[in-house]
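Just so you know, residue 1 is the first one in the sequence shown, and it goes up from there.
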Amino acid sequence: MTRRTTTPATDQAAPREPAAASELLRVTDLVQEFTVKGSKPFARARVSAVAGVSFGIARGETFALVGETGSGKTTIARALLASPPAVSGGITLSGRPLAVGRHAKPGAARGGSGVQMVFQDPFGALDPRWTIAGSIAEPLATAGVTDQAERRRRIAEIMHLVGLDASQFAQRLPRELSGGQAQRAAIARALVAEPDLLILDEPVTALDVSVQAQILALLFMLRQRLSLTSLLIAHDLAVVRALADRTAILFLGRMCELAPTAELFRSPAHPYTAALLSAIPPGLRGGVRRERVRITGRQPSPLNPPSGCRFRTRCPAAQEACAEVVPQMREIAPGHEVACHFPLPVTAG
(Lines give C-alpha, C1' and ligand atoms only; values in the text may rest on other atoms or scores of the structure.)
Protein backbone atom coordinates (compact mmCIF):
# COMPACT_ATOMS: atom_id res chain seq x y z
CA MET A 1 0.00 0.00 0.00
CA THR A 2 2.22 2.83 -1.23
CA ARG A 3 0.05 5.00 -3.46
CA ARG A 4 -1.26 7.22 -0.67
CA THR A 5 1.49 6.98 1.91
CA THR A 6 2.25 10.20 3.78
CA THR A 7 4.59 11.06 6.62
CA PRO A 8 3.09 9.57 9.79
CA ALA A 9 2.03 12.01 12.50
CA THR A 10 4.21 12.12 15.58
CA ASP A 11 1.21 12.60 17.85
CA GLN A 12 -2.47 13.22 17.20
CA ALA A 13 -3.16 15.07 13.97
CA ALA A 14 -5.04 18.36 14.12
CA PRO A 15 -8.59 18.25 12.74
CA ARG A 16 -8.74 18.99 9.04
CA GLU A 17 -11.29 21.50 7.81
CA PRO A 18 -13.04 20.38 4.63
CA ALA A 19 -12.52 22.44 1.51
CA ALA A 20 -14.98 22.45 -1.36
CA ALA A 21 -12.18 21.96 -3.89
CA SER A 22 -11.04 18.77 -2.15
CA GLU A 23 -14.49 17.33 -1.44
CA LEU A 24 -14.64 13.62 -2.19
CA LEU A 25 -18.24 12.79 -1.30
CA ARG A 26 -21.36 14.96 -1.50
CA VAL A 27 -24.74 13.72 -0.28
CA THR A 28 -27.72 15.98 -1.01
CA ASP A 29 -31.28 15.67 0.35
CA LEU A 30 -31.00 11.91 0.75
CA VAL A 31 -34.33 10.17 1.39
CA GLN A 32 -34.77 6.51 2.27
CA GLU A 33 -38.08 4.82 3.04
CA PHE A 34 -39.10 1.20 3.55
CA THR A 35 -42.40 -0.61 3.25
CA VAL A 36 -43.34 -2.78 6.23
CA LYS A 37 -46.36 -4.79 7.28
CA GLY A 38 -49.06 -2.77 8.98
CA SER A 39 -51.06 -3.69 12.06
CA LYS A 40 -54.00 -4.93 9.99
CA PRO A 41 -54.00 -7.94 7.60
CA PHE A 42 -52.57 -7.10 4.16
CA ALA A 43 -51.89 -3.53 5.32
CA ARG A 44 -48.62 -1.83 4.42
CA ALA A 45 -46.92 1.20 5.97
CA ARG A 46 -44.01 3.41 4.97
CA VAL A 47 -41.12 3.89 7.37
CA SER A 48 -39.25 7.19 7.05
CA ALA A 49 -35.69 6.01 7.74
CA VAL A 50 -33.79 9.02 6.32
CA ALA A 51 -35.50 12.34 5.58
CA GLY A 52 -33.50 14.84 3.52
CA VAL A 53 -29.96 14.45 4.91
CA SER A 54 -27.11 16.42 3.29
CA PHE A 55 -23.37 16.48 4.02
CA GLY A 56 -19.96 16.41 2.35
CA ILE A 57 -16.69 14.67 3.18
CA ALA A 58 -13.33 16.14 2.21
CA ARG A 59 -10.42 14.05 0.98
CA GLY A 60 -8.40 12.75 3.91
CA GLU A 61 -11.17 13.48 6.41
CA THR A 62 -12.85 11.16 8.89
CA PHE A 63 -16.52 12.14 9.11
CA ALA A 64 -18.76 10.59 11.77
CA LEU A 65 -22.50 9.95 11.78
CA VAL A 66 -23.77 9.51 15.34
CA GLY A 67 -27.17 8.58 16.71
CA GLU A 68 -29.22 6.03 18.58
CA THR A 69 -30.35 2.77 17.03
CA GLY A 70 -32.88 3.65 14.34
CA SER A 71 -31.47 7.12 13.68
CA GLY A 72 -30.61 6.23 10.07
CA LYS A 73 -26.82 6.26 10.19
CA THR A 74 -26.25 2.74 8.81
CA THR A 75 -29.10 3.25 6.32
CA ILE A 76 -27.20 6.23 4.91
CA ALA A 77 -24.00 4.19 4.64
CA ARG A 78 -25.78 1.39 2.81
CA ALA A 79 -27.43 3.91 0.46
CA LEU A 80 -23.93 4.93 -0.67
CA LEU A 81 -23.50 1.33 -1.82
CA ALA A 82 -27.05 1.21 -3.23
CA SER A 83 -27.73 -1.67 -0.87
CA PRO A 84 -30.58 -0.86 -0.98
CA PRO A 85 -30.69 2.26 -3.18
CA ALA A 86 -32.06 5.48 -1.68
CA VAL A 87 -35.54 6.58 -2.74
CA SER A 88 -34.31 10.01 -3.84
CA GLY A 89 -31.54 12.55 -3.42
CA GLY A 90 -28.10 13.02 -4.88
CA ILE A 91 -24.78 11.24 -4.25
CA THR A 92 -21.53 12.35 -5.89
CA LEU A 93 -18.25 10.46 -5.37
CA SER A 94 -15.01 11.93 -6.73
CA GLY A 95 -17.08 14.21 -8.97
CA ARG A 96 -19.02 11.26 -10.41
CA PRO A 97 -22.78 11.14 -9.75
CA LEU A 98 -24.01 7.81 -8.42
CA ALA A 99 -27.46 6.66 -9.43
CA VAL A 100 -30.22 6.58 -6.81
CA GLY A 101 -33.76 5.25 -6.87
CA ARG A 102 -34.76 2.56 -9.35
CA HIS A 103 -31.83 3.43 -11.65
CA ALA A 104 -29.23 2.48 -9.03
CA LYS A 105 -27.30 -0.76 -9.39
CA PRO A 106 -26.63 -2.40 -6.01
CA GLY A 107 -22.93 -2.42 -5.16
CA ALA A 108 -21.94 -0.27 -8.15
CA ALA A 109 -19.88 2.08 -5.98
CA ARG A 110 -17.67 -0.82 -4.87
CA GLY A 111 -16.16 -1.26 -8.31
CA GLY A 112 -12.63 -0.02 -8.97
CA SER A 113 -11.41 2.38 -6.29
CA GLY A 114 -14.88 3.39 -5.10
CA VAL A 115 -16.34 2.54 -1.69
CA GLN A 116 -15.52 -0.30 0.69
CA MET A 117 -17.13 -1.06 4.04
CA VAL A 118 -15.84 -2.51 7.32
CA PHE A 119 -18.79 -4.09 9.12
CA GLN A 120 -19.51 -4.41 12.83
CA ASP A 121 -19.26 -8.22 12.79
CA PRO A 122 -16.02 -9.31 11.11
CA PHE A 123 -17.03 -12.98 11.03
CA GLY A 124 -20.20 -12.09 9.15
CA ALA A 125 -18.14 -10.15 6.60
CA LEU A 126 -15.66 -12.97 5.89
CA ASP A 127 -16.78 -16.04 3.94
CA PRO A 128 -16.30 -18.98 6.37
CA ARG A 129 -15.30 -21.27 3.48
CA TRP A 130 -12.53 -19.02 2.14
CA THR A 131 -9.03 -18.55 3.47
CA ILE A 132 -8.10 -15.11 4.76
CA ALA A 133 -5.97 -14.52 1.65
CA GLY A 134 -8.92 -15.50 -0.56
CA SER A 135 -11.26 -13.08 1.19
CA ILE A 136 -8.75 -10.23 0.99
CA ALA A 137 -8.15 -10.94 -2.72
CA GLU A 138 -11.82 -10.65 -3.75
CA PRO A 139 -11.90 -6.81 -4.08
CA LEU A 140 -8.79 -6.97 -6.28
CA ALA A 141 -10.73 -8.98 -8.86
CA THR A 142 -13.49 -6.36 -8.84
CA ALA A 143 -10.86 -3.64 -9.25
CA GLY A 144 -9.40 -5.42 -12.30
CA VAL A 145 -6.11 -6.60 -10.77
CA THR A 146 -5.57 -9.88 -12.62
CA ASP A 147 -1.81 -10.42 -12.29
CA GLN A 148 -1.32 -13.13 -9.66
CA ALA A 149 2.09 -11.90 -8.54
CA GLU A 150 0.68 -8.40 -8.01
CA ARG A 151 -2.24 -9.84 -6.06
CA ARG A 152 0.08 -11.80 -3.77
CA ARG A 153 2.24 -8.74 -3.23
CA ARG A 154 -0.72 -6.53 -2.32
CA ILE A 155 -2.22 -9.14 -0.01
CA ALA A 156 1.04 -9.63 1.88
CA GLU A 157 1.61 -5.88 2.10
CA ILE A 158 -1.83 -4.99 3.46
CA MET A 159 -1.80 -7.93 5.90
CA HIS A 160 1.51 -6.69 7.28
CA LEU A 161 0.12 -3.16 7.55
CA VAL A 162 -2.87 -4.27 9.65
CA GLY A 163 -0.70 -6.42 11.89
CA LEU A 164 -1.21 -9.90 10.43
CA ASP A 165 1.78 -11.97 9.34
CA ALA A 166 0.84 -13.43 5.92
CA SER A 167 3.00 -16.49 6.54
CA GLN A 168 0.90 -17.33 9.61
CA PHE A 169 -2.58 -16.11 8.72
CA ALA A 170 -3.01 -16.09 4.92
CA GLN A 171 -4.17 -19.71 4.69
CA ARG A 172 -6.26 -19.78 7.84
CA LEU A 173 -10.05 -19.83 7.85
CA PRO A 174 -12.04 -17.14 9.72
CA ARG A 175 -13.00 -19.59 12.49
CA GLU A 176 -9.30 -19.97 13.31
CA LEU A 177 -8.97 -16.27 14.16
CA SER A 178 -9.82 -14.29 17.27
CA GLY A 179 -12.30 -11.41 17.04
CA GLY A 180 -9.53 -8.82 16.83
CA GLN A 181 -7.63 -10.79 14.18
CA ALA A 182 -10.80 -11.24 12.14
CA GLN A 183 -11.49 -7.49 12.23
CA ARG A 184 -7.91 -6.80 11.11
CA ALA A 185 -8.51 -9.18 8.18
CA ALA A 186 -11.79 -7.42 7.37
CA ILE A 187 -10.00 -4.05 7.40
CA ALA A 188 -7.30 -5.46 5.11
CA ARG A 189 -9.99 -6.73 2.73
CA ALA A 190 -11.59 -3.28 2.60
CA LEU A 191 -8.29 -1.49 1.97
CA VAL A 192 -6.47 -3.82 -0.43
CA ALA A 193 -7.97 -2.22 -3.57
CA GLU A 194 -7.23 1.32 -2.27
CA PRO A 195 -10.81 2.61 -2.15
CA ASP A 196 -11.61 6.31 -2.38
CA LEU A 197 -13.96 6.08 0.61
CA LEU A 198 -13.86 3.67 3.54
CA ILE A 199 -17.07 3.17 5.54
CA LEU A 200 -16.52 2.06 9.14
CA ASP A 201 -19.80 0.71 10.51
CA GLU A 202 -19.38 0.37 14.29
CA PRO A 203 -15.90 -1.14 13.74
CA VAL A 204 -15.17 -2.02 17.40
CA THR A 205 -18.63 -2.59 18.92
CA ALA A 206 -18.54 -6.39 18.53
CA LEU A 207 -15.05 -6.73 20.03
CA ASP A 208 -13.90 -7.35 23.58
CA VAL A 209 -13.04 -4.19 25.46
CA SER A 210 -9.39 -5.26 25.67
CA VAL A 211 -9.21 -5.44 21.86
CA GLN A 212 -11.15 -2.28 21.06
CA ALA A 213 -8.25 0.05 21.92
CA GLN A 214 -5.91 -1.94 19.65
CA ILE A 215 -8.26 -1.66 16.66
CA LEU A 216 -8.83 2.05 17.30
CA ALA A 217 -5.06 2.60 17.37
CA LEU A 218 -4.78 0.64 14.10
CA LEU A 219 -7.48 2.74 12.43
CA PHE A 220 -5.81 5.95 13.58
CA MET A 221 -2.45 4.78 12.22
CA LEU A 222 -3.99 3.75 8.88
CA ARG A 223 -5.75 7.10 8.54
CA GLN A 224 -2.44 8.92 8.84
CA ARG A 225 -0.32 6.44 6.89
CA LEU A 226 -2.70 6.10 3.90
CA SER A 227 -4.47 9.49 4.03
CA LEU A 228 -7.77 7.63 4.25
CA THR A 229 -11.12 9.28 3.69
CA SER A 230 -13.62 7.61 6.02
CA LEU A 231 -17.26 7.68 6.98
CA LEU A 232 -17.50 6.49 10.59
CA ILE A 233 -20.83 5.11 11.80
CA ALA A 234 -20.97 5.00 15.59
CA HIS A 235 -22.99 5.45 18.74
CA ASP A 236 -19.95 5.32 21.03
CA LEU A 237 -18.91 8.96 21.43
CA ALA A 238 -15.52 8.00 22.86
CA VAL A 239 -14.71 6.31 19.54
CA VAL A 240 -15.93 9.35 17.62
CA ARG A 241 -13.83 11.70 19.72
CA ALA A 242 -10.72 9.60 19.03
CA LEU A 243 -11.12 9.28 15.26
CA ALA A 244 -13.42 11.88 13.69
CA ASP A 245 -12.52 15.31 12.33
CA ARG A 246 -16.17 16.35 12.03
CA THR A 247 -19.31 14.83 13.47
CA ALA A 248 -22.98 14.91 12.48
CA ILE A 249 -25.74 14.00 14.94
CA LEU A 250 -28.84 12.20 13.65
CA PHE A 251 -32.22 11.73 15.28
CA LEU A 252 -34.98 9.68 13.69
CA GLY A 253 -33.66 10.13 10.16
CA ARG A 254 -32.90 13.85 10.29
CA MET A 255 -29.64 15.68 10.93
CA CYS A 256 -29.64 17.72 14.13
CA GLU A 257 -26.17 19.16 14.25
CA LEU A 258 -22.86 19.19 12.35
CA ALA A 259 -19.57 20.60 13.61
CA PRO A 260 -15.85 19.92 14.02
CA THR A 261 -15.68 17.14 16.60
CA ALA A 262 -13.71 19.09 19.19
CA GLU A 263 -16.14 22.01 19.00
CA LEU A 264 -19.17 19.73 19.16
CA PHE A 265 -17.87 18.10 22.35
CA ARG A 266 -16.98 21.46 23.88
CA SER A 267 -20.14 23.41 23.00
CA PRO A 268 -23.15 21.50 21.57
CA ALA A 269 -25.96 23.64 20.17
CA HIS A 270 -28.79 21.11 19.82
CA PRO A 271 -30.54 19.85 23.01
CA TYR A 272 -30.30 16.27 21.74
CA THR A 273 -26.53 16.58 21.23
CA ALA A 274 -26.17 18.05 24.70
CA ALA A 275 -28.09 15.11 26.17
CA LEU A 276 -25.91 12.57 24.36
CA LEU A 277 -22.69 14.24 25.47
CA SER A 278 -23.86 14.57 29.06
CA ALA A 279 -24.21 10.78 29.23
CA ILE A 280 -20.48 10.24 28.58
CA PRO A 281 -18.63 9.07 31.71
CA PRO A 282 -16.65 11.99 33.26
CA GLY A 283 -13.30 10.32 32.56
CA LEU A 284 -13.97 10.30 28.81
CA ARG A 285 -15.11 13.91 28.40
CA GLY A 286 -11.65 15.35 27.83
CA GLY A 287 -11.86 17.62 30.86
CA VAL A 288 -15.23 19.16 29.88
CA ARG A 289 -17.64 19.46 32.80
CA ARG A 290 -21.27 19.03 31.87
CA GLU A 291 -24.51 18.68 33.82
CA ARG A 292 -26.54 15.55 33.09
CA VAL A 293 -29.36 16.25 30.62
CA ARG A 294 -32.14 13.71 30.86
CA ILE A 295 -34.45 12.98 27.92
CA THR A 296 -38.02 12.18 28.92
CA GLY A 297 -40.86 10.66 26.94
CA ARG A 298 -40.99 7.74 24.54
CA GLN A 299 -39.00 7.40 21.34
CA PRO A 300 -41.20 8.51 18.40
CA SER A 301 -42.04 5.93 15.75
CA PRO A 302 -40.60 6.27 12.23
CA LEU A 303 -44.00 5.05 11.04
CA ASN A 304 -45.55 8.25 12.35
CA PRO A 305 -42.83 10.80 13.14
CA PRO A 306 -43.82 14.00 14.97
CA SER A 307 -44.65 17.11 12.95
CA GLY A 308 -42.08 19.88 12.81
CA CYS A 309 -38.98 18.92 14.76
CA ARG A 310 -38.80 15.15 15.21
CA PHE A 311 -37.10 15.57 18.58
CA ARG A 312 -39.70 17.96 20.02
CA THR A 313 -41.71 15.32 21.92
CA ARG A 314 -38.61 14.57 24.02
CA CYS A 315 -37.01 18.02 24.06
CA PRO A 316 -36.99 19.94 27.38
CA ALA A 317 -36.92 23.26 25.48
CA ALA A 318 -39.68 22.57 22.91
CA GLN A 319 -42.13 25.37 22.11
CA GLU A 320 -45.17 25.75 19.88
CA ALA A 321 -43.10 26.62 16.81
CA CYS A 322 -41.26 23.31 17.08
CA ALA A 323 -44.46 21.43 16.22
CA GLU A 324 -45.36 23.69 13.30
CA VAL A 325 -42.12 24.23 11.35
CA VAL A 326 -39.42 21.73 10.40
CA PRO A 327 -36.10 23.28 11.52
CA GLN A 328 -33.51 23.54 8.74
CA MET A 329 -29.76 23.24 9.12
CA ARG A 330 -28.20 26.69 9.50
CA GLU A 331 -24.72 27.90 10.37
CA ILE A 332 -24.39 29.45 13.81
CA ALA A 333 -20.56 29.56 13.87
CA PRO A 334 -17.91 28.84 11.22
CA GLY A 335 -18.36 25.18 10.26
CA HIS A 336 -20.99 24.65 12.99
CA GLU A 337 -24.55 23.99 11.80
CA VAL A 338 -27.68 23.11 13.75
CA ALA A 339 -31.33 22.32 12.94
CA CYS A 340 -33.09 23.86 15.95
CA HIS A 341 -35.44 26.83 16.39
CA PHE A 342 -34.00 27.54 19.84
CA PRO A 343 -30.36 26.36 19.87
CA LEU A 344 -28.16 26.42 22.93
CA PRO A 345 -25.57 29.23 23.05
CA VAL A 346 -22.24 28.28 21.49
CA THR A 347 -19.10 29.31 23.33
CA ALA A 348 -15.88 30.26 21.60
CA GLY A 349 -12.97 27.85 21.83
Side-chain angles (χ1 to χ4, degrees), residues 6 9 12-30 50 52-68 71-74 76-77 79-80 91-94 115 117-118 196-203 216 219-220 222-224 226-251 254-270 272-274 276-277 280 284-286 288 328-340 343-344 346-349:
T6 58
Q12 183 163 346
R16 294 176 288 262
E17 293 297 329
S22 65
E23 193 169 74
L24 174 77
L25 177 75
R26 167 54 54 180
V27 174
T28 307
D29 293 328
L30 195 72
V50 179
V53 169
S54 300
F55 61 91
I57 303 179
R59 293 183 184 276
E61 179 184 27
T62 297
F63 183 92
L65 289 176
V66 176
E68 300 171 86
S71 63
K73 52 190 187 295
T74 297
I76 292 172
L80 300 181
I91 303 173
T92 302
L93 180 68
S94 298
V115 182
M117 192 165 181
V118 176
D196 290 328
L197 177 67
L198 180 67
I199 299 176
L200 300 167
D201 187 6
E202 304 278 9
L216 287 176
L219 291 171
F220 185 82
L222 292 171
R223 185 184 79 160
Q224 303 305 312
L226 304 177
S227 295
L228 293 177
T229 304
S230 304
L231 173 61
L232 173 64
I233 309 298
H235 69 272
D236 187 334
L237 290 166
V239 173
V240 171
R241 188 170 178 270
L243 292 179
D245 297 304
R246 289 189 303 148
T247 298
I249 306 295
L250 298 171
F251 181 83
R254 287 195 186 277
M255 189 176 290
C256 298
E257 190 167 2
L258 169 61
T261 302
E263 181 174 340
L264 190 79
F265 273 68
R266 183 184 68 251
S267 185
H270 197 284
Y272 177 57
T273 308
L276 289 179
L277 294 177
I280 301 176
L284 300 177
R285 293 179 185 174
V288 178
Q328 302 300 314
M329 293 289 286
R330 58 191 175 93
E331 191 171 64
I332 56 174
H336 194 157
E337 301 177 48
V338 66
C340 182
L344 302 172
V346 174
T347 59

What one should report as the nearest heavy-atom pair of Leu237 and Leu276 is CD1-O, 3.6 Å
Can you classify the ring geometry of Tyr272 versus Phe251 as parallel (below 30°), tilted (30 to 60°) or perpendicular (above 60°)? perpendicular
Test side-chain contact (heavy atoms from CB on, under 4.5 Å) on Thr62 and Phe220 and set out the steps. CA-CA 10 Å; Thr62 297; Phe220 185 82; over 6 Å; no
side-chain contact (heavy atoms from CB on, under 4.5 Å) evaluation trace for Ser94 with Leu24: CA-CA 5 Å; Ser94 298; Leu24 174 77; 3.0 Å; yes
Quick check for you: to the nearest 0.5 Å, what is the distance between Ser227 atom OG and Arg59 atom CZ? 11.5 Å
Do you know which two heavy atoms are closest between Lys73 and Leu65, and how far apart they sit? CD-O, 3.8 Å
To the nearest 0.5 Å, how far apart are CD1 in Ile57 and CZ in Arg246? 7.5 Å
Starting from the C-alpha separation in whole Å, work towards a yes-or-no answer on side-chain contact (heavy atoms from CB on, under 4.5 Å) for Leu25 and Val115. CA-CA 10 Å; Leu25 177 75; Val115 182; over 6 Å; no
Rounded to the nearest 0.5 Å, what separates atom NE2 in His270 from atom CD in Glu337? 13.0 Å
Is it the case that the side chain of Thr347 and the backbone of Ser267 share a donor-acceptor pair, with hydrogens and angles ignored and the cut-off at 3.5 Å? no
Tightest non-hydrogen contact, residues Met255 and Val53, listed as CE-CG1, 3.7 Å
Trace of the side-chain contact (heavy atoms from CB on, under 4.5 Å) decision for Leu30 with Phe55: CA-CA 9 Å; Leu30 195 72; Phe55 61 91; over 6 Å; no
Backbone N/O of Cys340 and side chain of Arg330: donor-acceptor pair under 3.5 Å: yes
Quick one: CG on Leu80 to CG on Leu93, what's the gap to the nearest 0.5 Å? 8.5 Å
Quick one: closest heavy-atom pair of Met117 and Ala77, and the distance? CE-CB, 4.1 Å
For the backbone of Ile199 and the side chain of Ser230, can you confirm whether one donor and one acceptor N or O come within less than 3.5 Å of each other? no
Leu231 and Leu197 have their tightest heavy-atom pair at N-CD1, 4.0 Å
Could you tell me if the side chain of Leu222 sits less than 4.5 Å from the side chain of Leu198, heavy atoms only? no
Do you know the tightest heavy-atom contact between His336 and Ala269? NE2-CB, 4.0 Å
Roughly how far, to the nearest 0.5 Å, is CG of Leu232 from CG of Leu243? 6.0 Å
Is a donor on one side and an acceptor on the other found under 3.5 Å between the side chain of Thr261 and the backbone of Asp245? yes
Say you draw a straight line from CG of Leu228 to CG of Leu219; how long is it, rounded to the nearest 0.5 Å? 8.5 Å
